Amino acid sequence: MKIRMLDSAEHRDALDLFRDSLHQPPVPDRDWPELSPSLEPGRVRGALSEDQLIAMHQCVPTDLVVPGGERAPLSVHFRFAVRVGQTRRGAGTALMTAALRDTPEPLAMLRPSEGGIYGRFGFGVATRCRDLVIDRRRAVLAAEVPPGGHSYVPAPGEIAGLCDEIYGRTRSRPGSIGRWPWYEQLMNHELTTAGLFSRFVVHDGPDGPDGIVRYSVRGTSAGGTARTVLEVDEMHARTPQAWLGLWQFLLGVELVDEIRLRTRPLDEPVEWLFTDPRVCRVTEVRDEMWLRLVDVPAALRARRYPDGAGIAIDVHDPLLSDNSGRYLVGADEVRRTRGPAQLALSVSALAAIYLGGVRPSALATAGAVTVLDPKALPTADRLFRAAEEPWCGTYV
């Protein structure tokens, strides 16, 4: 088996392999011009056996907002697949290992289709999200909800530019990532292929557009009853006023029975908008971003920590052994140390606490963090907390 970067001429075969792993047909000729820009040159690897492509993997560079507001270089790993009939023979492991060892960015992320695969590669669940359903017919805004600003439907020719501009202005939450020039085109293709027609609403703030929502409306049938569903595919707002303005627009859309939201932040206060919070139901809470510290010292230095005492942690990384060792982590410095460790954890557990989505003490209770000094747990909880729940909100 040979691992190598694929030439641009091989990208379509690689994408067909990926689609086949998801039980989808090969890329139609009419769709290839829309999909090909997302396969960036020099970023698609393949595993070949006797010149046959048996596995593919893609990664693209961007940046990640980390606690403290800094943006750290990030490699996004996606479109990872092994050809049907070639699984469980080591091709996927060899391909992912090669990709991680060649990753120049200190952090890597992915959003897996299966959750039981990537822990062994050092990835940990760093953000979670929830899906919501709102009974539109019973939803009444509480009297204390303040009015939002002006929201409007943009002209079709304005949409692509507004999506990029507004997302860039709203991206401040830990876990959010930079997007690529081809991202909107890819999203539109995926939704169109699913038979959905996207609509956009923009909130106009005092300094220009500061909020946007993308939604589609479709009919469903449950128990013999037809219902019209407004499905929010994504929503981003820079201010509470923008968020409220978008919500007031959505709730005013006529001929809708339900509003469904997917992949929303855990701390988004949607249910508190209504006189009866029960009109908003949480239908699922699940993992979202899986993070990987490729260069542990560089990644630890990329984020900020609150003032006060630091801690010494012992990190174990069986795949990228240079990461293994003891680190002193605090507001003033992050460095390797030869002193005694107070906590010991795997690189995947470190990824889970890195953005503040889970407390080290919670992982200690579950056995994922070994406590060598009990006094260190409160310090670790304080050091790794974030001001708000981390969330990615980008589909890759």
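Note that the structure is a prediction, hence the values are computed from the model and not measured.
For Gln248 (side chain) and Gly148 (main-chain N/O), a donor-acceptor pair under 3.5 Å exists by modelled atom type. Listed for the Ser21 side chain is a donor-acceptor partner under 3.5 Å among the backbone atoms of Phe18. Glu288 places a side-chain N or O within donor-acceptor distance of the main-chain N or O of Gly393, the cut-off being under 3.5 Å. No side-chain donor-acceptor contact under 3.5 Å links Glu34 to the backbone of Asp31. Looking only at distances, no side-chain donor or acceptor of Asn323 sits under 3.5 Å from a matching main-chain atom of His316. In terms of modelled atom types and a separation under 3.5 Å, the side chain of Arg304 and the main chain of Gly68 share a donor-acceptor contact. Thr97 contributes no side-chain N or O that, together with a main-chain N or O of Ala94, makes up a donor-acceptor pair within less than 3.5 Å. Looking only at distances, no side-chain donor or acceptor of Tyr305 sits under 3.5 Å from a matching main-chain atom of Glu333. With hydrogens and angles disregarded, a donor-acceptor distance shorter than 3.5 Å links the side chain of Tyr354 to the backbone of Ala299. In this structure, His203 contributes its side chain and Gly149 its backbone to a donor-acceptor pair below 3.5 Å.
For Arg359 against Ser361, the heavy-atom pair with the smallest separation is NH1-OG, 2.6 Å. The nearest pair of heavy atoms linking Ile212 to Cys163 is CD1-SG, 3.8 Å. Taking all atoms of both residues into account, the shortest heavy-atom contact from Ser216 to Phe197 is CB-O, 3.4 Å. Of all non-hydrogen atoms in Ser348 and Gly119, the two that sit nearest each other are CB-O, 4.3 Å. Between Val66 and Ala72, the shortest heavy-atom distance links the atoms CG1-CB, 4.0 Å. For Pro33 against Asp29, the heavy-atom pair with the smallest separation is CD-O, 3.4 Å.
No continuous path of hydrophobic side-chain contacts links Leu17 to Leu110 [ILVMFWY only; heavy atoms under 4.5 Å]. A continuous path of hydrophobic side-chain contacts links Val285 to Val270 [ILVMFWY only; heavy atoms under 4.5 Å]. Follow the hydrophobic side-chain contacts under 4.5 Å out from Leu246 and you reach Leu230 in the same cluster. The same ILVMFWY cluster, assembled from side-chain heavy atoms under 4.5 Å apart, contains both Val256 and Leu250.
Residue-environment remark: CD (Glu50) stays at or below the threshold of 12 foreign heavy atoms within 6.0 Å. For Leu22, the CG atom is densely surrounded, since the number of other residues' heavy atoms within 6.0 Å is greater than 12. The environment of Trp32 atom CH2 is dense: over 12 non-hydrogen atoms of other residues, nucleotides or ligands sit within 6.0 angstrom. Within 6.0 Å of CZ in Arg336 there are more than 12 heavy atoms belonging to other residues, nucleotides or ligands. Arg264 CZ: more than 12 foreign heavy atoms inside a 6.0 Å radius.
Note: Arg128 CZ to Cys392 SG = 15.5 Å, rounded to the nearest 0.5 Å. Distance check: Arg326 CZ to Leu343 CG gives 12.5 Å after rounding to the nearest 0.5 Å. Within the model, atoms OG of Ser198 and CE of Met187 stand 7.0 Å from one another, a figure rounded to the nearest 0.5 Å. Here the OG1 atom belonging to Thr127 is positioned 10.5 Å from the CZ atom belonging to Arg286, to the nearest 0.5 angstrom.
Between Trp180 and Tyr183, the angle of the ring planes lies from 30° to 60°, which puts this pair in the tilted group. Ring geometry, Tyr118 versus Trp290: the interplanar angle exceeds 60°, so the pair is classed perpendicular (tilted spans 30 to 60°). Ring-plane geometry between His77 and Phe123 is classed as perpendicular, the angle between the planes exceeding 60 degrees on a 0 to 90 degree scale with a lower cut at 30.
Using a cut-off of 4.0 Å between Lys/Arg side-chain N and Asp/Glu carboxylate O, Asp131 and Arg260 are scored as not salt-bridged. A salt bridge between Arg303 and Glu70 is absent, with no side-chain N of the basic residue lying under 4.0 Å from a carboxylate O of the acidic one. Between Arg4 and Glu10 there is a salt bridge, with a side-chain nitrogen of the basic residue lying less than 4.0 Å from a carboxylate oxygen of the acidic one. The pair Arg278-Asp135 fails the salt-bridge criterion, with no side-chain N (NZ, NE, NH1 or NH2) lying under 4.0 Å from an Asp/Glu carboxylate O. The pair Glu184-Arg214 counts as a salt bridge, with a side-chain nitrogen and a carboxylate oxygen less than 4.0 angstrom apart. Salt-bridge annotation for Arg173 and Glu388: present, with a side-chain N of the basic residue lying under 4.0 Å from a carboxylate O of the acidic one. Taking a cutoff of 4.0 Å between a charged side-chain nitrogen and a carboxylate oxygen, Arg130 and Glu284 do not qualify as a salt bridge. Between Arg79 and Glu40 there is no salt bridge, since no side-chain N of the basic residue sits under 4.0 Å from a carboxylate O of the acidic one. The pair Arg169-Asp210 does not meet the salt-bridge criterion, since no charged nitrogen lies less than 4.0 angstrom from a carboxylate oxygen. Note on Arg171 versus Asp63: salt bridge recorded, some NZ/NE/NH1/NH2 to OD/OE distance being below 4.0 Å.
Inter-residue side-chain proximity for Leu141 and Trp247 is flagged as unmet; no heavy-atom pair is nearer than 4.5 Å. Two residues are said to be in side-chain contact when any heavy atoms from C-beta on lie closer than 4.5 Å; Val60 and Phe78 meet this criterion. Looking at heavy atoms from C-beta onward, Ser38 lies out of side-chain contact with Gln185 at the 4.5 angstrom threshold.
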- Message: Run Leu74 and Glu105 through side chain to side chain contact (heavy atoms under 4.5 Å, CB included) and show every step you take.
- Response: CA-CA 5 Å; Leu74 174 75; Glu105 294 82 13; 5.5 Å; no
- Worked verdict on Asp20 versus Arg83 for salt bridge (charged side-chain N to carboxylate O under 4.0 Å, His left out): CA-CA 8 Å; Asp20 185 62; Arg83 187 179 296 279; 5.4 Å; no
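For the pair Arg179 and Tyr167, the cation-pi criterion (under 6.0 Å, within 45° of the ring axis) is fulfilled.
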